[in-house]
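Just so we're on the same page: letters track the sequence lines, and every chain starts at 1.
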2 protein chains.
Amino acid sequence: MSQQRHGSTPGAADGVPAFPDLPEATIARLPEYLRALHHLAETGAETVSSEGLAAAAGVNSAKLRKDLSHLGSYGTRGVGYDVALLVDQIEYILGLDKNRAVCLVGVGNLGHALAGYAGFASRGFRVVALFDADPKKVGEQINGLTVQHTDDLERVAAEESIAIGVIATPPGTAQAVADALVAAGVTSILNFAPGVLSVPSNVDVRKVDLAIELQILSFHEHRKASLTALPGGRSAQPASGDQEVVGS
Amino acid sequence: MSQQRHGSTPGAADGVPAFPDLPEATIARLPEYLRALHHLAETGAETVSSEGLAAAAGVNSAKLRKDLSHLGSYGTRGVGYDVALLVDQIEYILGLDKNRAVCLVGVGNLGHALAGYAGFASRGFRVVALFDADPKKVGEQINGLTVQHTDDLERVAAEESIAIGVIATPPGTAQAVADALVAAGVTSILNFAPGVLSVPSNVDVRKVDLAIELQILSFHEHRKASLTALPGGRSAQPASGDQEVVGS
DNA sequence: CGCGATTTGTGCACGCCTTCACAAGCGCCT
DNA sequence: AGGCGCTTGTGAAGGCGTGCACAAATCGCG
């Protein structure tokens, strides 16, 4: 990473750089920019304009520029952004240069898929431990890893100093698993189980509920249907622009 | 608020009710309220206060009341909300009373898991068709359904008038699949493939990128680590409140 | 019947995020 | 060297969402 001048992180005093406090909305978009940049790099592009990168990431260019400006000034006016440089910067900010260890709890249908998900490894995450409460699953080999019993979760996770845990258990056991993860020193949890987790305030939780996504789509289906059925409603065919992404 | 009867949907003139236009943020929370309400109903509760429901859904009570007020006036002051009534209302708004048909494209690791995901069926969604481009997978039986070839996607989806499609293919083929879905009349897409989909403006797309979620957590890990390492940073143990959910 | 306890519904202010519009800066061409 | 076109970075405005604080409404009880 550090490329001499341009490279050093803004506000770096000594070895440990001060951390720019980015808006949460910006953080959520950085991974998307990063993916687009990787794609551009593969096609051999050296630089990108904000317009080009914005299009590749599916946002508008003003938003992209403002987002990137929060990281520092890594563009060249009249030219654009250096792809390689920007990749390094974003990966540094996101902490992806650390090759983070992740453990996964719950090797059911979904957990099984997550354990083998290529997208994790390709973005700097290593799944290093699998757990399940079902004795029949303990010992099973998945993707080169042996499933261990959740009773050992706390010990193993602590030993390997795992910082990120993924919960893919049934809703009933999710809270207990979260408690064990926290006890083991995990400070970030990605939760696929429906329901609310209660954790200490120093632990970050992100939730992904597949059914909720469908329900939101269902709402919009319902809305669209009621519009076309209504007297004033136009008959569903509002031109064909590009891209309507609903919600956040 | 007019209130009148309490039962029928607000603004209903004839058979087709006018559709309240809810804030997007509210819509995204309704499924969570619904889940909490179902849970309460199972425990035999007749009514809930906004405080109680808010706690169960992991939000603050003012927000919950404002959200629900957008649906109409379905609470009773001094008492709370009628659980059964509220369930019906939210399910109606979300269009879950329609038992919507969903098709799933891409029966890889993730797609396989989604096809068997119990959370879909239990919330009013029926997976009615599976597709994959790999001839080796075509014909395979999953959860009582036969995997069909993506060449038949457009025909089958149109015949069964499927409105919602789920994409769980590798990123390279996602756009082509989306085009086929749109051509078949699908107007809502849930996309698990990384990358930006381009669709007509009357089609809603929601994206779930599992790797992005981890990257956001990674950022917060990085931030927390740099804080504790910094001279001014407190030594990581900021009391133990409840619930810190990061991001939207 | 009236009163107090309780809980909803909402007006208001604040902060975050988005978007526009433009000045500042950079490279290239003449 | 100078000017021109292009692109970034950002000030300002507007919109959306959140949370507070309180009035309005309902129930139960004396």
Interface polar pairs with nucleotides 27-30 of chain D, N/O, under 3.5 angstrom:
none

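Separation of atoms CD (B:E213) and CZ (A:F192) is listed at 7.5 Å; rounding is to 0.5 Å. Here A:L94 contributes atom CG and B:R223 contributes atom CZ; the two are 12.5 Å apart, rounded to the nearest 0.5 Å.
Per the geometry, CG belonging to B:L30 stands 13 Å off P belonging to D:dG17, to the nearest Å. Regarding B:Y74, its OH atom lies at a distance of 16 Å from the P atom of D:dT26, rounded to whole Å. Regarding A:L68, its CG atom lies at a distance of 16 Å from the C1' atom of C:dC17, rounded to whole Å. When the P atom of C:dC16 is taken as reference, atom CG of A:D67 falls 16 Å away, rounded to whole Å. Between the C1' atom of C:dG27 and the CG atom of A:D82 lies a distance of 15 Å, rounded to the nearest Å. Atom CG of B:N60 and atom P of D:dT18 are 9 Å apart (whole Å). The interatomic distance linking B:H70 (NE2) with C:dT10 (C1') rounds to 10 Å, in whole Å. For the pair A:E24 CD and C:dG15 P, the interatomic distance rounds to 18 Å; values are reported in whole Å.
Phosphate contact (OP1/OP2 of C:dC17, side-chain N/O of A:K66, threshold under 4.0 Å): absent. In this model, the phosphate group of C:dG9 is approached by a side-chain N or O of B:S73 to a distance below 4.0 Å at OP1 or OP2. Within the 4.0 Å cut-off from OP1 or OP2 of D:dT7, not a single side-chain nitrogen or oxygen of A:S50 is found. When the side-chain nitrogen and oxygen atoms of A:Y81 are compared with OP1 and OP2 of C:dC26, none of them lie within a distance under 4.0 Å.
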Notebook entry, point to check: Checking ring-ring contact (aromatic ring centres under 6.0 Å, His included) for the pair A:Y92/B:F219: CA distance, chi angles, key distance, verdict?
Noted result: CA-CA 9 Å; A:Y92 169 73; B:F219 168 85; over 10 Å; no
Note to self: Would A:D67 and A:T26 count as a side-chain hydrogen bond (donor to acceptor under 3.5 Å, both in side chains) here? Give the steps.
What the structure shows: CA-CA 6 Å; A:D67 281 343; A:T26 295; 2.6 Å; yes
Note to self: B:S198 vs B:Q175, test: side-chain hydrogen bond (donor to acceptor under 3.5 Å, both in side chains). Steps then yes/no.
What the structure shows: CA-CA 7 Å; B:S198 182; B:Q175 180 62 57; 5.1 Å; no
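With sequence neighbours excluded, no residue satisfies ring pair (Phe, Tyr, Trp, His ring centres under 6.0 Å) with A:Y33.
Of the listed nucleotides (C:dT18, D:dG19, D:dG9), C:dT18 has the atom at the smallest distance from the side chain of A:R29. For A:P23, taking side-chain heavy atoms from C-beta onward, the closest of the listed nucleotides C:dT18, C:dC17, D:dT7 is C:dC17. Nearest to the side-chain atoms of A:A25 among the listed nucleotides C:dT18, D:dT8, D:dT18 stands C:dT18.
Note on B:E32 versus A:K207: salt bridge recorded, some NZ/NE/NH1/NH2 to OD/OE distance being below 4.0 Å.
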